[in-house]
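Report on one structure; see the data block that follows.
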Amino acid sequence: MTKQRRTDDRYVLGIESTADDFGVGISTFNGEILANAKSAYIPQEGGIHPREAARHHAENASNVLQEAFQQAKLGPKSISAVAFSQGPGLGPCLRTGATVSRALATYLGIPLVGVNHCIAHIEIGKLKTGAIDPVTLYVSGGNTMVTAFDSGRYRVFGETLDVALGNCLDVFAREAGLRQKAGVPFGAAIEKLAVGRRELVPLPYTVKGMDISLSGLLTAAAGLLEDRKCRLEDLCYSLQETAFSMVTEVTERALAHTEKNEVLLTGGVAANRRLQSMIKSIAQEHKARFCVVPSQFAVDNGAMIAWTGALAYGQGLVTPVERSFVKLRWRLEEVDVPWLK
Ligand code: AMP
Ligand code: MG
């Protein structure tokens with residue numbers, strides 16, 4: 001549904017809550033990020049428990065909102081629209097963010113704008129690197145895909161058939177008994193252990209056409225760990241080398257096929273230096289510019305939702321409250337992106 005943007009509209013607030021992070025960002029319509037506050041849920045043990053994460057979001061929403069307003073030096077009345085992650089993601093987490101967003105928009109009497117979380121990762125990457133029309137490798141805790149814009153929508157060229165790359169690293173780290181510390185994601189802990197290693201342990205490498213599969217790799221790496229046949233550091237190195245080579249192969253093929261001249265790396269795993277160097281090398285081979293999202297915008301964040309909300313609302317797109325239900329499996333190729341020509 002569309003609604004004319006008013007001439008005095010200036011700021012969009014964005015709420016991210018698809019998984020373990022509750023984030024609030026504030027953006028102008030020119031892509032100036034005025035605030036990017038967040039609180040991350042860290043499970044006591046095991047993976048993300050959706051209801052526990054949702055409870056964390058509900059308990060921390062008001063503090064994170066307050067922090068975002070303080071960072072931006074703005075009051076709630078200055079906001080023109082409330083954008084929120086409408087999907088894809090974990091149901092209880094998404095619903096908590098949507099409830100907060102509906103309450104805020106209704107109270108302030110301003111429009112709601114539902115944003116696709118995957119598109120937001122791409123748009124913040126483009127905004128922060130200046131990329132215009134890249135082939136994007138988007139790798140995070142819940143998603144792994146190679147995508148590019150074509151004929152009005154982002155199209156998926158390849159993706160994981162099972163586990164997401166970030167999740168693969170996280171599960172392996174937990175199997176290895178690593179503990180998650182605030183501000184140090186599991187993927188970063190694996191990266192640190194892998195630095196300087198050279199012992200490549202053979203692990204399953206599964207690329208099927210443009211898609212990849214990581215579950216066999218994960219099972220094999222976890223099995224070797226249990227057998228205590230290999231050093232943890234060597235397994236971290238080999239897991240990275242193997243999994244990153246798989247996504248790099250698919251990205252290169254998409255680049256060769258589309259002949260685009262930019263490659264963008266985005267999502268939480270984009271913070272990994274080794275992955276950055278692999279993607280950079282294929283970009284160079286194809287004479288494409290290598291772009292990587294800055295690390296504070298790599299993991300899930302509210303700023304990317306605010307900015308994508310500004311792009312959508314700038315085109316007059318709004319989401320009426322009665323149609324603001326969350327979409328757990330919302331694919332990015334289902335979304336029209338009229339702000340790109
Ligand atoms: P997101 O889902 O976008 O919030 O990203 C979270 C994912 O990024 C988790 O799976 C993390 O383990 C992963 N991650 C964060 N930093 C790194 C890093 N330096 N190397 C690899 N993975 C990382
Ligand atoms: Mg996250």
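One-based numbering, in listed order, for ligands and for the atoms of each.
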- Report the C-alpha separation of Glu67 and Gln71 in whole Å, then their side-chain angles, then the decisive distance to 0.1 Å, and conclude whether the side-chain hydrogen bond (donor to acceptor under 3.5 Å, both in side chains) test is met. CA-CA 6 Å; Glu67 195 190 324; Gln71 284 180 12; 3.1 Å; yes
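Transitive grouping of hydrophobic side chains (ILVMFWY, heavy atoms separated by less than 4.5 Å) brings Ile79 and Phe84 into a common cluster.
Distance alone, capped at 3.5 Å, is enough to place a donor-acceptor pair between the Glu191 side chain and the Arg273 backbone. Between the side chain of Thr144 and the backbone N or O of Leu165 there is at least one donor-acceptor pair closer than 3.5 Å.
Side-chain atoms of Arg274 and Glu241, non-hydrogen and from C-beta on, do get closer than 4.5 Å to each other.
Contact between His121 and ligand 1 is present, with at least one heavy atom of the residue lying under 4.0 Å from the ligand. In this structure, Ala164 has no heavy atom closer than 4.0 Å to ligand 1.
Listed by number with element, the atoms of ligand 1 under 4.0 angstrom from any heavy atom of Ala298 are 3 (O). Each of the atoms 11 (C), 12 (O), 15 (C), 16 (N) of ligand 1 lies under 4.0 Å from some heavy atom of Pro185. Atom numbering of ligand 1 starts at 1 in the shown order; those under 4.0 Å from a heavy atom of Asp21 are 4 (O). Short contacts between ligand 1 and Leu169, defined as distances under 4.0 Å to a heavy atom of the residue, involve ligand atoms 21 (C), 22 (N). Taking every heavy atom of Gly166 and a limit of under 4.0 angstrom, the matching atoms of ligand 1 come to 10 (O). Close approach of ligand 1 to Ala271 is summarised as follows: ligand atoms under 4.0 Å from at least one heavy atom of the residue are 19 (N).
Checked by distance only, ligand 1 and Asp20 stay at 3.5 Å or farther apart across all their nitrogen or oxygen atoms.
Of the candidates Val299, Asp170, Ile48, Asp170 brings a heavy atom nearest to atom 11 (C) of ligand 1.
A salt bridge does not link Arg174 to Glu45: none of the charged side-chain nitrogens sits closer than 4.0 Å to a carboxylate oxygen.
Ring-plane geometry between Phe149 and Tyr154 is classed as perpendicular, the angle between the planes exceeding 60 degrees on a 0 to 90 degree scale with a lower cut at 30.
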